[in-house]
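Computed from a prediction, not measured in an experiment: that's the story for all the values here. Throughout, a chain's letter reflects where its sequence line sits, starting with A, and its residues are numbered from 1.
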2 protein chains.
Amino acid sequence: MATIADVARHAGVSTSTVSYVLTGKRPISDATKSRVRASIRELGYYRSVGARSSTIRRTNVVALVLPLRDGVHMPLLTGLVTAAVTAARHHGVDVLLMTGDQAAEDLRGVVGSGQVDGFLVLDGEIDDERVASLRRLGLPSVLIGQPAATHGLTCVDLDFEAAGAACVEHLADLGHRFIGFLGAPRAAYRRTTGFAHRAMVGLSAAAMRRGVTSTIMPTAGDYCSVLRALEALLRARPAVTALVVHNEAALGWVVTALRALGRKVPGDVDVVAICPDELATRTSPPLTSVLVPAGELGRRAVELLIGKLEARAVPPLTLLAPRLVTRASTRPVPRGAHP
Amino acid sequence: MATIADVARHAGVSTSTVSYVLTGKRPISDATKSRVRASIRELGYYRSVGARSSTIRRTNVVALVLPLRDGVHMPLLTGLVTAAVTAARHHGVDVLLMTGDQAAEDLRGVVGSGQVDGFLVLDGEIDDERVASLRRLGLPSVLIGQPAATHGLTCVDLDFEAAGAACVEHLADLGHRFIGFLGAPRAAYRRTTGFAHRAMVGLSAAAMRRGVTSTIMPTAGDYCSVLRALEALLRARPAVTALVVHNEAALGWVVTALRALGRKVPGDVDVVAICPDELATRTSPPLTSVLVPAGELGRRAVELLIGKLEARAVPPLTLLAPRLVTRASTRPVPRGAHP
DNA sequence: TTGAAAGCGCTAACAG
DNA sequence: CTGTTAGCGCTTTCAA
């Protein structure tokens, strides 16, 4: 493997000249510059990142910390990860993958040994303890998700409150006056700071504003739970003509269950989902949905982190505006359907 | 951040002694050893991987190259990735994530700059061109998947032929005599070396051996295609009492479609799937399945790569034996059902 | 069993 | 505009 000395010799210049051609940190005559470039190409030279990072104290590698535990939906994860890697490469930065369980000690090691410049942490439900240990690492970091206290962190997330509201707005615009909400499993609402809670709040608030009646219920991810929840919902409020679903696991069962209960989608019941795009398009009919912009999330997180690495000021909390895509599961309510 | 010199000073020894305590490459008296260890702990010292890799020419980082394009199923991907990362960490190795599209030039850069020691490449459908460029990189690599020519590579994959056979064996054991096979989309069978082809061959061969009649058809991933395929199948061969499905996208629709055609699962038609485990358990009823051992695949790939890094001889092709798990979708055929 | 010192490949003063 | 040189933090001879 060629070294910088090889290139210098080959081009008939000093090593520092080669280095400066590479970094652009001082003016070099076009003549030597191109001579050096030619030598570099000819010898197939690449700077050793080891030696380089050892001198400049910077690796151009960021760690991406993913939680192992479930509850994080797969498509979201993969979309986010590929977008993050692509965006990072675009800035000449590589991504080191770490899993959430190799927590404290491993992370310390990675920063202690100067292996990465910063952290990208994916964790919707991060708790204070983890936030604290993150801060203790002393390296710039960006959190994907929105913890209780943003306090001194940089976070990026979908604006779930706006997402919940967008669903209601859409349905109200179509003429619906009674909507049901199938939410996350019950446990998710214990934390009034979680995204489940925020979506629900946004939905409820928008419903009040628009004067539509909303009935909300938590749901588990299996068919039986979905069926039971819908039965209960339709019994309690037979006038319901629209459904907002914020539960990726349950999503696949909703239309099936509604059909089993004798309701057509759309027609008898319109459905709007809050979920990654490919989930909404893989049902039949494809669902009108507020998409969780996985790719955008990853991209923005990288951008923010790189901003911090370059000592730029970045906003502490970035909330991505929801985007509602209309598909076959929602339609204007026929005139006079709701007296 | 503490350096090795700090530790040496603090422990009252030379830097080389500290280094040797760390590497264990020469005997050190227990007295100094523990003194050095204490200083290390006290100062919170970690070896700089930059400086280290710059001298020893080894980074303890491997690249994991994932294809971006779809066709690779998400759950498989995430399971594989987390297992690989975990296994690698277990060997003190970190994982650098790369996406398949940043192909040639980026990969060259990563090896040229000495950023990684080897490659883990996930690509079921890798072509000769990519294999060649992989070999040209000149670093140890392990391929997850099985290309046409294993020639000089190290590969690990599920034994799809055995998987296809296992499905037939199971169904034949239960008494089924007529089985249908819902395969991958048509295009997947153009390559007679792909995993789709191999599963199909294994199934057909086993059917012949067991004297059961098999009818095979390709399938797209949407509900309509599945429904049409099943209609066609049942029309062509009404005696079919069992179905093998090797199509993850279609899987979710199979039971629904069978019900729409008036068949109970199990009972009228038994279903066996070849798919990742969590896909088989998320349908109702849960499906008997041959699982694609995503985690095992990742783990083995890492083990093989580390073997190569340590200059151990490793088998060129590792085929993981399929494991069939019986669930609610298959049952013994009632006596006399098939005269 | 330990230390001194050379060297890994690169960058960044310092010096023209 | 360019070269010389002293580091960066670590490993590994060589010498005791």
#### Entry: Salt-bridge present (A:Arg198, A:Asp157; N to O < 4.0 Å)
yes

### Query
Starting at CG of A:Leu43 and ending at P of C:dG9, how long is that distance when rounded to a whole Å?
14 Å

### Query
Base, backbone or nothing for each nucleotide of nucleotides 11-16 of chain C, written B, S, -, heavy atoms under 4.0 angstrom, 5' to 3'?
SBBB--

### Query
Atom CE of B:Met1 to atom P of D:dC10: distance rounded to whole Å?
11 Å

### Protein-nucleotide distance (A:Arg58, atom CZ; D:dG9, atom P), rounded to Å
18 Å

### Query
Between atom CG in A:Asp6 and atom C1' in C:dC8, what is the gap in whole Å?
13 Å

### Message
Do the side chains of B:Glu296 and B:Arg300 get close enough for a salt bridge, i.e. N-O under 4.0 angstrom?
### Response
yes

### Task
Take atom CD1 of A:Ile40 and atom P of C:dC10, then tell me their distance rounded to the nearest Å.
10 Å

### Task
Find the distance B:Arg57:CZ to D:dC10:P and express it as a whole number of Å.
17 Å

### Query
Where is the tightest heavy-atom contact between B:Ser53 and B:Arg58, given as atom of each residue plus distance?
CB-O, 3.2 Å

### Message
For D:dG9 and B:Ser48 - does any side-chain N or O of the residue sit under 4.0 Å from the phosphate oxygens OP1/OP2?
### Response
no

### For atom CD of A:Gln115 and atom P of D:dC10, their distance in whole Å
14 Å

### Task
Taking the side chain as every heavy atom from C-beta outward, state whether B:Val142 and B:Val121 have any pair of such atoms under 4.5 Å apart.
no

### Task
Would you check if B:Val61 and A:Leu96 make a side-chain contact, meaning some heavy-atom pair closer than 4.5 Å?
yes

### Task
Under 4.0 Å between any heavy atoms, over every strand shown, what does A:Ser29 touch: base, sugar-phosphate, or nothing? Just pick one.
sugar-phosphate

### Query
For A:Thr32, which contact category applies under a 4.0 Å heavy-atom criterion: base, sugar-phosphate, or nothing?
sugar-phosphate

### Message
Measuring only between side-chain heavy atoms, which start at C-beta, is A:Pro322 closer than 4.5 Å to A:Leu158?
### Response
yes

### Message
Check this one for me: any side-chain N or O of B:Ser54 less than 4.0 Å away from OP1 or OP2 of C:dC8?
### Response
no

#### Entry: Interatomic spacing from CD in B:Glu42 to CZ in B:Arg37 - rounded to 0.5 Å
15.5 Å

